[in-house]
Amino acid sequence: MRPGPTPKVPELPEVEVVRLGLEQHVVGRTIAAVDVLHPRAVRRHAGGPADFAAQLAGRRIAAARRRGKYLWLPLDNGDALLAHLGMSGQMLLRPATADPERHLRVRFTLDDPTPAPREPRRPLRSELRFVDQRMFGGLAVSAGGAELPGEICHIARDPVDPEFDDGLFLARLRSRTAGVKRLLLDQRLISGVGNIYADEALWLAMLHGDRPGNRLRKADVTRLLVAVRAVMAAALAQGGTSFDALYVNVNGESGYFDRSLEVYGQEALPCSRCATPIVRVAFMNRSSYFCPACQPRPRRRSRD
DNA sequence: ATCGCGACCTGGTTGC
DNA sequence: TGCAACCAGGTCGCGA
């Protein structure tokens, strides 16, 4: 069996697709058993793998929530199962008989849904599986975390949250000297934005990522927020359309990702606005892509 | 407090 | 052909 393509890194829209799938297929069901196949997957659970499993066994899943790239499943006792997909995490709902995935890390056996009175058909026994190749992701039980896990209280609301405060974001951005891309990636200011959508939003807003926060005009920040929401809405519209009832997957095979990219990964290709070749530069041990004409570097840069 | 950077992690790709 | 180096990047924690 050949390995599939490298999953795309989940940012807010991808995580929201997973949340929708969990909401539809897992909420209301009870965790019968938990099997931690790799301890690193629960490294952020203080009590270790055995305690992680013990605390979840018998609990009913009450809801599926998200803030930024964090997911959590509130449980019937007020605790929550907290999850981050990292770079390569997936949540899969699979028949219990399905072969284990190569990078299966944690397996949750779910009780069969209660059959309807007039429905003698036996429901399919299924498992929720946490699969993660690179293991930047992880799971934990958050004590009393149903409403908002304490572990993520430092994570800002995301731009899709109706309670996201645009004015507060503006004020905080403009109080900082760091470049606007770095600030976009700071989950304490705004959550859910990763390297890919940061580049896409900056291109759409025609801002260079090195523009210091405190030198942004109000109109720049307004444009940036519009852009962030636009790229996320577009991704969500294409990625969140459908998923198989037994397959909740962060890297659904929709292909929306590549089709809609304007700058990320597009080095040397012409900008769709002005035809200037897209430039790639090193940024925080990774890459930034931008159009040097549409997104002029701020002055006071020593290079270029 | 803020800033900037290294560590963590695996597997596909590139370069010699 | 073999093997080492590089690359992807979200988040945490550290030193300045």
Side-chain angles (χ1 to χ4, degrees), chain A residues 1-16 18 37-46 66-72 82-91 101-106 130-140 142 149-156 158 168-169 171-202 209-216 228 232 250-251 257-258 261 263-267 280-289 298 300-303:
Chain A
M1 184 193 308
R2 288 188 347 191
T6 303
K8 61 175 158 291
V9 176
E11 299 188 29
L12 186 153
E14 292 78 17
V15 178
E16 176 62 11
V18 175
L37 288 86
H38 199 305
R40 265 200 74 79
V42 297
R43 66 191 179 281
R44 294 175 69 180
H45 181 83
R66 180 189 58 74
R67 174 176 287 199
K69 301 168 206 167
Y70 278 94
L71 279 171
W72 70 98
L82 179 63
H84 196 289
L85 301 177
M87 292 182 62
S88 54
Q90 296 170 282
M91 288 288 193
E101 289 73 12
R102 179 160 172 193
H103 302 294
L104 177 60
R105 309 302 187 193
V106 181
F130 178 66
V131 177
D132 188 12
Q133 178 206 117
R134 274 172 261 192
M135 294 206 290
F136 277 40
L139 309 178
S142 173
E151 292 86 345
I152 62 167
C153 63
H154 63 290
I155 301 291
D158 59 63
L168 178 62
F169 178 67
R172 296 181 74 184
L173 262 197
R174 295 175 84 186
S175 74
R176 304 279 294 270
T177 59
V180 61
K181 177 168 179 182
R182 187 182 295 273
L183 297 172
L184 265 184
L185 296 177
D186 186 340
Q187 306 295 302
R188 293 165 302 184
L189 296 178
I190 182 172
S191 65
V193 182
N195 196 43
I196 297 161
Y197 291 129
D199 280 1
E200 293 298 303
L202 288 167
D210 288 346
R211 287 274 298 274
N214 61 5
R215 305 237 308 261
L216 294 172
V228 167
M232 288 186 169
V250 67
N251 67 331
F257 185 69
D258 293 331
L261 290 176
V263 287
Y264 181 82
Q266 310 298 305
E267 184 177 20
R280 170 187 179 273
V281 297
F283 171 79
M284 289 173 71
N285 281 333
R286 39 191 66 94
S287 295
S288 282
Y289 299 87
R300 274 182 61 81
R301 290 294 293 187
S302 54
R303 283 259 154 236

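A, B, ... follow the sequence lines: proteins, then strands. Residue 1 opens every chain. Side chains are part of it too, since the values below use all heavy atoms of this structure and drop only hydrogens, waters and symmetry mates. Note that the coordinates shown come from a computational prediction; the quantities given were computed from them, not determined experimentally.
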Here the distance between atom P of C:dC12 and atom OH of A:Tyr70, to the nearest Å, is 4 Å
So, does A:Glu200 use its side chain to make a donor-acceptor pair with the main chain of A:Val263 at under 3.5 Å?
yes
Within-4.5 Å side-chain heavy-atom neighbours: A:Arg188 and A:Ile155:
no
Could you tell me which residues satisfy side chain to side chain donor-acceptor pair (under 3.5 Å) with A:Arg43, sequence neighbours excluded, listed by chain and number?
none
Gap between atoms CZ and P, on A:Arg176 and B:dG4 respectively (whole Å)
9 Å
For A:Tyr70, enumerate each residue passing the ring-ring contact (aromatic ring centres under 6.0 Å, His included) test, keeping only those at least two apart in sequence or located in another chain.
A:His84
Nearest-Å distance for atom pair CZ/P, residues A:Arg44 and C:dG10:
15 Å
Rounded to whole Å, how long is the line connecting atom CG of A:Leu139 with atom C1' of C:dT11?
15 Å
A:Gln187 vs C:dT11: side-chain N/O to OP1/OP2 distance below 4.0 Å:
yes
Can you list everything that forms a ring-ring contact (aromatic ring centres under 6.0 Å, His included) with A:Tyr289? Sequence neighbours excluded, please.
A:Tyr264
Find every protein N or O atom lying less than 3.5 Å from an N or O atom of nucleotides 14-16 of chain C, and list the pairs.
none

Using atom CZ of A:Phe283 as one end and atom P of C:dC7 as the other, report the distance to the nearest whole Å.
17 Å
Going 5' to 3' along nucleotides 5-10 of chain B, which nucleotides have protein heavy atoms under 4.0 Å from the base (write B), which only from the sugar-phosphate (write S), and which from neither (write -)?
SS-BBB
Among all residues two or more places apart in sequence or in another chain, which pass the ring-ring contact (aromatic ring centres under 6.0 Å, His included) test with A:His45?
A:Phe52
Side-chain N or O of A:Arg280 less than 4.0 angstrom from OP1 or OP2 on C:dC7?
no
Using the salt bridge (Lys or Arg N to Asp or Glu O under 4.0 Å) rule, collect all pairs that involve residues 190-199 of chain A, keeping only residues at least two apart or in two chains.
A:Lys181-A:Asp199
Sequence neighbours excluded, which residues qualify as salt bridge (Lys or Arg N to Asp or Glu O under 4.0 Å) partners of A:Asp132?
none
Sorted by chain and residue number, the ring-ring contact (aromatic ring centres under 6.0 Å, His included) partners of A:Phe136 (sequence neighbours excluded) come out as none
Pairing residues for A:Ala156 by the side chain to side chain contact (heavy atoms under 4.5 Å, CB included) criterion, not counting sequence neighbours:
none
Pairing pattern in dot-bracket form [Watson-Crick, G-U; both distances under 3.5 Å; | = partner strand] for DNA chain B
.|||||||||||||||
Please tell me if A:Thr177 has a side-chain N or O lying less than 4.0 Å from either OP1 or OP2 of B:dC3.
yes
Please identify each residue that fulfils side chain to side chain contact (heavy atoms under 4.5 Å, CB included) with A:Arg211, with sequence neighbours left out.
A:Val180, A:Leu207, A:His208, A:Leu216, A:Asp220, A:Pro298
Choosing from C:dC12, C:dT11, B:dC3, which nucleotide comes nearest the side chain of A:His84?
C:dT11
